[in-house]
Each structure stands twice: as structure tokens, then as C-alpha cells.
Participant: 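After the C-alpha cells below, expect a handful of questions from me.
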Amino acid sequence: MVRDVRSLGYGNLTERPRLKAIGIGGAGCNAIANSPFPSVGLCSHLDNVNGPPGQRRLVLGPDEHALLTSASPRMMGSVERAISRRLRQEVEGYDLIFLFAGLGGETASYILPGLANLCRHLGGMVIASVAMPFSAEGPGRRSTAAAALPKLIEAAHLTITYPNDGLLEVAPNLPFRRTFKVMDEIMKVPARELAGVLTRDDLRGLRSEIGLSMHMRMGAGAGAGMQRESVAVSEAFGSPWFDFDLKESAVALVVISGREVDDFSVRDILGHVRARVPNASILYGVRSDASADDLRVTVLLDARV
Ligand SMILES: Nc1nc2c(ncn2[C@@H]2O[C@H](COP(=O)(O)OP(=O)(O)OP(=O)(O)O)[C@@H](O)[C@H]2O)c(=O)[nH]1
Ligand SMILES: [Mg+2]
């Protein structure tokens, strides 16, 4: 891959992709609560009872669960015919589909790869955001998650993983329930930031550039005052999930957002990013956010883990 720096926001800026967020399983339904775009939860009966109130959810029947669990890419034509109309309607016609889940349980771990394949087959770009279980949750959950992840990465265009153990560095000593809430918010960051910069033309470019099956990790930082650019980039690269050799990273997606972002700030930020990922192609977008007090930098790196 060519090591270059390229701006997102191509083509007609008013042509934004149609976005949909789908939360799968208990964690996924919690993660899409307060989603800034249209969303739906897919879950078991039990998670439907316990899920956030007032949320649109589809309770998966055993047939749909079994079909998605066993679905391979070659079978997608027949899966599409067999899948219920209500499920197909949730994904058909959307350009960019964000899937949210925690791996390790019995629902999302089994159906997510098939669902990602189906979304892709129906034409959308598929970005999956998944939390990986805490070590303390035990080997059973960890091995279920580890078995599901490669299948998901293969099926989605882009999979962003968040090992929960990383949260112990960011928010130590919190009970699990509270850390899950923190994670629900963190997982929404790339969706919100990317949605603010991507055009339909970008999606086409991204799909050919990153192709299929990219595994990424995220870091996010904020800065205010004189050195806000370097502070924000340092904080982003302090991410507990950048735990691999960054020199190996071949793609960096960077979204810069703030109330007033000027050309100087953008070049400064990109310089700080380049120093940390010397071998990556950098794709960046700038988003103006009138509500922001400071400068925010969100970085997604292809993860060599
Ligand atoms: N971010 C987040 N993660 C959670 C939450 N609840 C559980 N998790 C994590 O997600 C993993 C999967 O849990 P669930 O989402 O309940 O699993 P599921 O897909 O619903 O599967 P079953 O409940 O077994 O049917 C857990 O092992 C936790 O690591 C949550 O509310 N938010
Ligand atoms: Mg559950």
C-alpha cells in the first residue's frame, strides 16, 4: 500500500450515506441506546425483557438464529430468500451499517458473522464494533469470543475490537456494570465521527482501499489551549487498544473535530500522527462541531494483533 495522506469528504458533500446501527445481543442493544442514527436491536427473548426501555428491537426466532449461525458467504443468496422480511427490511437500502455487540455470549457470537455477510450481500458497507470479554469473565466466554472474531473480521469490511481488559487502564476499580456503560459510549465514537465526514463517494473509495476484512483498533483524545493538537494526538495514541507495533500499521483513519478547526491544526495533527505511524496511509476527515469546547482526534489503526 502506498504511504500517503489523503483527505476524506470526496464528491458531493451533501450526499451522505444512509446509516443504520444494529445492536446484537444484550451488549449490542445497550450500546445502541441513544444512537444518533436509526437503530434496531436484534436479541433473544431474555435480552428483550432486560434491554433498555423504549428501544426498537426484533426478538430473533430460532429459525433466524439458526440460519444466521450457519450462514456462509456462498449461501447468502438462499439466506437472503429465507430470512424473514422484517429482518431484511432492517438492512436493505442502507449504505453504511454499524453492527454493535459484545462477543462471548450465545447470541451475538454465533450470529454476527452471518449477519455481517448478509448486510454486505445486500449492498452496505459493514463496520462492526465489538467488545471482547474481560479476562475475569472466564475462559468459556473468552474462547467463544476468540472463535467468533476471525469469522466476523472475514465477513465485515471493517471490524473494530475493544478488549474489555483495556478499560481497566482507563477506568480502574469500577464494577463491571459501570464499565460496560463506559464501553457503550466508547464504541459509539467511531460511528459518530465517521458519520460526520464520510460521503457516498468516500464509501466507494474506502471499500476499494481497505477492501474486506480489516481489523482496526481505536484511540480518541481531546485537547484544549496552546498545545491542543499534540495533546489530543498523544491522548488518542495512549489508547489501551494500541497494544501492537504501530510501525506495522498500514492504514490510519483520522477524524478531527472541533468548533473551529483550521488548516494549521489539521497539518499539525497529521504531522503528529505520521510520526507515530510512519508506514501507514493516512485517510483523514475534518468535522465541525459547534458544541465542542475542545479539539477531538479519533484515530483508527489497522491492528496487527
Ligand atoms: N459494552 C457492553 N458490554 C457488555 C454488556 N453486557 C455484557 N457485555 C459484554 O458482552 C459480552 C457478551 O454478553 P451479551 O451481550 O449479554 O451476550 P449475548 O450476545 O446477548 O448472548 P447471550 O446473552 O448469551 O444470549 C459479555 O461477555 C461482556 O463482556 C453491556 O451492557 N455493554
Ligand atoms: Mg445476552
Side-chain angles (χ1 to χ4, degrees), residues 21-36 39-71 87 90 98-116 118-119 127-153 155-156 159-172 174-192 217-218 220 239-241:
I22 306 181
I24 302 95
C29 288
N30 287 335
I32 60 162
N34 313 317
S35 155
S39 63
V40 65
L42 301 184
C43 61
S44 66
H45 174 68
L46 199 64
D47 283 323
N48 189 35
V49 173
N50 297 325
Q55 179 179 65
R56 216 163 65 76
R57 279 193 292 270
L58 301 183
V59 178
L60 287 167
D63 292 353
E64 286 163 328
H65 194 290
L67 198 60
L68 288 171
T69 299
S70 59
L87 188 49
E90 296 298 338
F98 291 105
L99 303 177
F100 293 92
L103 294 184
E106 299 285 317
T107 304
S109 308
Y110 292 108
I111 71 168
L112 207 46
L115 183 67
L118 179 70
C119 295
I127 302 183
S129 284
V130 291
M132 305 297 286
F134 283 106
S135 298
E137 290 183 82
R141 280 194 171 249
R142 288 176 68 81
S143 66
T144 301
L149 183 60
K151 294 183 210 155
L152 173 63
I153 291 175
T159 300
I160 309 167
T161 55
Y162 302 86
N164 280 336
D165 282 347
L167 273 184
L168 301 175
E169 289 176 35
V170 186
L174 281 183
F176 276 173
R177 206 172 47 77
R178 297 264 308 276
T179 47
F180 288 149
K181 283 222 172 310
V182 175
M183 187 59 101
D184 293 346
E185 295 312 308
I186 292 176
M187 288 204 294
K188 281 196 276 264
V189 171
R192 187 189 63 219
R217 290 279 181 81
M218 188 202 66
S239 167
W241 299 298

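Numbering of ligands and ligand atoms starts at 1, following listing order. Remember, it's a predicted structure, so these values are computed and weren't measured experimentally.
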Participant: For Ala128, is there any backbone N or O sitting under 3.5 Å from a side-chain donor or acceptor partner on Thr159?
Facilitator: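 Judged by distance alone, no pair lies under 3.5 Å.
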
Participant: Counting N and O atoms only, with roles assigned by atom type, does the side chain of Trp241 sit under 3.5 Å from a partner on the main chain of Thr161, one being a donor and the other an acceptor?
Facilitator: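 Not confirmed, Trp241 side chain does not pair with Thr161 backbone.
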
Participant: Considering only the protein, which heavy-atom contact is closest to atom 23 (O) of ligand 1, and what is its distance?
Facilitator: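 Going atom by atom, the protein heavy atom closest to atom 23 (O) of ligand 1 ends up being Asp47 OD2, 3.7 Å.
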
Participant: Side chain or backbone of Leu103 under 4.0 Å from ligand 1, or both, or neither, by non-hydrogen atoms?
Facilitator: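 Contact part for Leu103 vs ligand 1: backbone (N, CA, C, O).
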
Participant: State whether the side chain of Glu90 and the backbone N or O of Val40 hold a donor-acceptor pair below 3.5 Å, judged by distance alone.
Facilitator: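 No; zero donor-acceptor contacts below 3.5 Å.
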
Participant: Aromatic rings Phe134 and Phe180: how do their planes relate, parallel, tilted or perpendicular, breaks at 30° and 60°?
Facilitator: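 Judged by the thresholds at 30° and 60°, the geometry between Phe134 and Phe180 is tilted.
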
Participant: What protein heavy atom sits nearest atom 32 (N) of ligand 1, and how far away is it?
Facilitator: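 The answer is Asp184 OD1, 2.8 Å.
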
Participant: Please determine whether any non-hydrogen atom of Ile24 lies less than 4.0 Å from an atom of ligand 1.
Facilitator: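 Flag not set, Ile24 not near ligand 1.
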
Participant: Could you give the distance from CG (Leu152) to CD1 (Ile111), rounded to the nearest 0.5 Å?
Facilitator: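 Rounded to the nearest 0.5 Å, the CG-CD1 separation comes to 11.5 Å.
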
Participant: Any donor-acceptor pair under 3.5 Å linking the side chain of Arg142 with the backbone of Glu137?
Facilitator: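 No, the answer is negative, given that no donor and acceptor are paired below the 3.5 Å cut-off.
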
Participant: Taking C-beta and beyond as the side chain, do Cys43 and Thr107 meet within less than 4.5 Å on heavy atoms?
Facilitator: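 No. Closest side-chain heavy atoms not under 4.5 Å.
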
Participant: With no hydrogens and no angle check, is any side-chain donor or acceptor of Ser109 less than 3.5 Å from a backbone partner on Glu106?
Facilitator: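 Not confirmed, Ser109 side chain does not pair with Glu106 backbone.
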
Participant: For ligand 1, find out whether one of its N or O atoms is nearer than 3.5 Å to an N or O atom of Ser109.
Facilitator: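 No: no nitrogen or oxygen of Ser109 is under 3.5 Å from one in ligand 1.
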
Participant: By number and element, which atoms of ligand 1 are closer than 4.0 Å to a non-hydrogen atom of Gly25?
Facilitator: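 That gives atoms 19 (O), 20 (O) of ligand 1.
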
Participant: With a sphere of 6.0 Å drawn around CG of Asn50, does it hold more than 12 non-hydrogen atoms of other residues, nucleotides or ligands?
Facilitator: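 For Asn50, atom CG is crowded (more than 12 foreign heavy atoms under 6.0 Å).
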
Participant: Please write down residue, atom name and distance for the protein heavy atom closest to atom 10 (O) of ligand 1.
Facilitator: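 For atom 10 (O) of ligand 1, the nearest protein heavy atom is Gly102 CA, 3.4 Å.
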
Participant: Below 4.0 angstrom from a heavy atom of Asn164, which ligand 1 atoms are there? Numbered from 1 as shown, please.
Facilitator: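 Atoms satisfying the 4.0 Å criterion: 29 (O).
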
Participant: Nearest protein heavy atom to atom 25 (O) of ligand 1, by residue and atom, and its distance?
Facilitator: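 Looking only at protein heavy atoms, the one closest to atom 25 (O) of ligand 1 is Thr107 OG1, 2.6 Å.
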
Participant: State the atom name: nearest N, O or S atom of Asp47 to the Mg ion (ligand 2).
Facilitator: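 Looking at Asp47, the N, O or S atom with the least distance to the Mg ion (ligand 2) is OD2.
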
Participant: For atom 5 (C) of ligand 1, which of Ala145, Ser44, Ala27, Ala131 has the closest heavy atom?
Facilitator: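 Nearest option to atom 5 (C) of ligand 1, by heavy atoms: Ala27.
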
Participant: Say whether, by atom type as modelled, one donor and one acceptor occur between the side chain of Lys188 and the main chain of Ala33 under 3.5 angstrom.
Facilitator: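 Yes; judged by distance alone, with no hydrogens or angles, the pair exists.
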
Participant: Please check whether Met183 reaches ligand 1 - meaning an N/O of the residue sits under 3.5 Å from an N/O of the ligand, judged on distance alone.
Facilitator: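 In fact, backbone or side chain, Met183 has no N or O that close.
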
Participant: Which option out of Gly138, Gly105, Pro133 puts a heavy atom nearest to atom 17 (O) of ligand 1?
Facilitator: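 It is Gly105 that holds the nearest heavy atom.
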
Participant: Answer yes or no: does an N/O atom from Gly104 fall short of 3.5 Å to an N/O atom of ligand 1?
Facilitator: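 Looking only at distances, the answer is no, because the N/O contact criterion of under 3.5 Å is not met.
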
Participant: Identify, by atom number and element, the atoms of ligand 1 in contact range of Asn30, meaning under 4.0 Å from any of its heavy atoms.
Facilitator: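 Ligand 1 atoms under the 4.0 Å threshold to Asn30: 30 (C), 31 (O).
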
Participant: Identify which of Met132, Met187, Glu106 has a heavy atom lying nearest to atom 24 (O) of ligand 1.
Facilitator: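 Residue with the shortest heavy-atom distance to the ligand atom: Glu106.
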
Participant: For atom 19 (O) of ligand 1, what is the closest protein heavy atom, and at what distance to 0.1 Å?
Facilitator: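 The closest heavy atom on the protein side is Ala108 N, 2.8 Å.
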
Participant: Tell me which one of Phe180, Phe100, Phe176, Phe134 gets a heavy atom nearest to atom 3 (N) of ligand 1.
Facilitator: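 Answer by nearest heavy atom: Phe180.
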
Participant: In terms of side-chain heavy atoms, does Ser39 have a donor or acceptor partner in Arg56 at a distance below 3.5 Å?
Facilitator: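 Per modelled atom types, Ser39 and Arg56 side chains form no pair under 3.5 Å.
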
Participant: For atom 13 (O) of ligand 1, what's the nearest protein heavy atom and its distance?
Facilitator: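 Heavy-atom neighbour on the protein nearest atom 13 (O) of ligand 1: Arg141 NH1, 3.4 Å.
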
Participant: In the protein, what heavy atom is nearest to atom 29 (O) of ligand 1, and what distance, to one decimal place, separates them?
Facilitator: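 Its nearest protein heavy-atom neighbour is Glu137 OE2, 2.6 Å.
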
Participant: Spell out, as yes or no, whether a donor-acceptor pair under 3.5 Å connects the side chain of Arg57 to the backbone of Pro52.
Facilitator: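 The answer is yes, because a donor-acceptor pair under 3.5 Å joins these two groups.
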
